[in-house]
**Q** 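Quick one: the structure is below, questions incoming.
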2 protein chains.
Amino acid sequence: MTDKQAHVTHQADVTTNESGELLLENQVCFSLYSAANAIIRAYRPLLDAIDLTYPQYLTMMVLWANDGINVKDMGAKLHLDSGTLTPLLKRLETKGLLDRKRALTDERVREIWLTEAGKALKDKAKTIPYTMFCKSELPFEELAALKSTCDKLLNTIN
Amino acid sequence: MTDKQAHVTHQADVTTNESGELLLENQVCFSLYSAANAIIRAYRPLLDAIDLTYPQYLTMMVLWANDGINVKDMGAKLHLDSGTLTPLLKRLETKGLLDRKRALTDERVREIWLTEAGKALKDKAKTIPYTMFCKSELPFEELAALKSTCDKLLNTIN
DNA sequence: AGCAATTATATTGTGTACAATTTAATTTAT
DNA sequence: ATAAATTAAATTGTACACAATATAATTGCT
């Protein structure tokens, strides 16, 4: 083993075993990736009841707090680009939850406005976060620490 | 506000503000979801160099430690089903990294065996975890805590 | 004013995730 | 032994993510 590899093994032994092997079980990123998938799966039965997917639910949450927001600002909040958002917003429009209007001052800009049905959905979604909190079976402090680390990761990694 | 909703707000104020509103900024699950997406984006330039996607890289990692594993056991390790794995494994087969063989004792079972090229790729992938560790700019202990919480979440939520 | 550069969104194409269903092989129960 | 039940993969269809590119509107520059 080279000096460089020894350093690697020492510094990052979350990721490798004593022989420097790549082990799935030791990968932080794999745990994060699997937990994110599991969370989306856990949301599904709750969101099926209001006919939303998880990304659609996040999008509605942005709109409930920022009605009339444009696609670019929505993308900045959700960390998603127009390639993801355009079709997603069209599907929410088809469901009758929002309208996609062009801004009067700038024809390029698409403003997203909730319909009455879209606004009404907010109330039905209100209990979802607490249900998920219970499903997690984790103490409040641990979830707060998880959020803090994820936010740091997101900020430094991009 | 009902008593039940007051309880919700008190218990889960990571998710809601003082008026009980659903705020994206306060959602643990959204942070986890965004961090997972960000991590996959951060892996991309490293994995492009060896022509793998992140799920393909995870799959190869399983094979490097468990050559000849079948699809079901692979799915249990990766928390993915055959609907995801079958096409993914076919793509890795097309790249010449593995062979998909039927088990002799049970014709239903598909065994996945690394080719020489598949085995050789392991060496090129060795430095990736340490590079990602550096990219995170987080102390080792915080990453270990992150992994621990994600693993707990994955176990309780399913 | 007029043209180049920039910006906002949309489109195209690839690769996941996953529910639901199908197919084929094996096991179980009678 | 054989029909029913179970199991392992594969298939089908929907919905993300995101890179790359295209389109159209606006801004900046001279």
**Q** A/Met74 has an atom CE; how far is it from atom P of C/dA8, in whole Å?
**A** 16 Å

**Q** Please figure out whether A/Asp106 or A/Arg44 has its closest DNA chain C nucleotide nearer the 5' end.
**A** A/Asp106

**Q** Above 12 or not: heavy atoms from other molecules or residues under 6.0 Å from NZ of B/Lys72?
**A** no

**Q** Which residue, B/Thr105 or B/Gly83, contacts DNA chain C at a nucleotide closer to its 5' end, judged by nearest heavy atom?
**A** B/Gly83

**Q** Check this one for me: any side-chain N or O of B/Lys90 less than 4.0 Å away from OP1 or OP2 of D/dT11?
**A** yes

**Q** Is the shortest side-chain N/O distance from B/Thr53 to OP1 or OP2 of C/dT16 below 4.0 Å?
**A** yes

**Q** Over all strands shown, is B/Leu85 touching base, sugar-phosphate only, or nothing at heavy-atom distances under 4.0 angstrom?
**A** nothing

**Q** Looking at the side chain of B/Gln56, which of D/dA9, D/dC18, C/dT16 is the nearest nucleotide?
**A** C/dT16

**Q** Please state whether the base of C/dT7 and the side chain of A/Arg108 form at least one donor-acceptor pair under 3.5 Å?
**A** yes

**Q** Respond yes when some side-chain nitrogen or oxygen of B/Asn70 is under 4.0 Å from OP1 or OP2 of D/dA9, and no when none is.
**A** yes

**Q** In this structure, how many angstroms lie between the C1' atom of D/dA9 and the CD1 atom of B/Ile112, rounded?
**A** 10 Å

**Q** Can you name the nearest heavy-atom pair linking A/Ala125 to A/Tyr57, along with the distance?
**A** CB-CE1, 4.2 Å

**Q** Considering only side-chain heavy atoms of A/Lys72, which listed nucleotide, D/dA19, C/dT9, D/dA10, is closest?
**A** C/dT9

**Q** Keeping the roles fixed (side chain from B/Trp64, backbone from B/Gly118), state whether a donor-acceptor pair exists under 3.5 Å.
**A** yes

**Q** Rounded to the nearest angstrom, tell me the gap between atom CG in B/Asp51 and atom P in C/dG15.
**A** 9 Å

**Q** Let me know the distance between CG of A/Leu89 and C1' of C/dA10, rounded to the nearest Å.
**A** 12 Å

**Q** Please report, rounded to the nearest Å, how far the C1' atom of D/dC16 is from the CD1 atom of A/Ile40.
**A** 9 Å

**Q** What's the CG-P distance between B/Asp48 and D/dA19, to the nearest Å?
**A** 10 Å

**Q** Over how many whole Å does the gap from A/Asn37 atom CG to C/dT16 atom C1' extend?
**A** 9 Å

**Q** Checking side chain to side chain contact (heavy atoms under 4.5 Å, CB included) against A/Lys77, which of A/Leu58, A/Val62, A/Thr59 comes through?
**A** A/Val62

**Q** Taking the side chain of B/Arg110 as heavy atoms from C-beta outward, which of C/dC18, C/dT26, D/dA10 is closest to it?
**A** D/dA10

**Q** In whole angstrom, give the distance that lies between atom CG of B/Leu47 and atom P of C/dG15.
**A** 14 Å

**Q** Counting only side-chain N and O atoms of B/Tyr33, is one of them less than 4.0 Å from OP1 or OP2 of D/dA17?
**A** yes

**Q** Under 4.0 Å, heavy atoms only, any strand: does B/Arg100 hit a base, just the sugar-phosphate, or nothing?
**A** sugar-phosphate

**Q** Which of the following nucleotides, D/dC18, C/dA10, C/dC18, is nearest to the side chain of A/Val71?
**A** C/dA10

**Q** Is the A/Tyr33 ring parallel, tilted or perpendicular to the B/Tyr54 ring (thresholds 30°, 60°)?
**A** perpendicular

**Q** It should be established whether B/Ser82 places a side-chain nitrogen or oxygen under 4.0 Å from OP1 or OP2 of nucleotide D/dA9.
**A** no

**Q** Which is more 5' along DNA chain D, the nucleotide nearest A/Leu104 or the one nearest A/Arg91? Just name the residue.
**A** A/Arg91

**Q** Would one find a side-chain N or O of B/Arg41 under 4.0 angstrom from OP1 or OP2 of D/dA17?
**A** no

**Q** Report the nucleotide, chosen from D/dT26, C/dC18, C/dA10, that has the shortest atom-to-atom distance to any side-chain atom of A/Thr86.
**A** C/dA10

**Q** Thinking salt bridges, do B/Asp151 and B/Lys147 make one under a 4.0 Å N-O criterion?
**A** yes

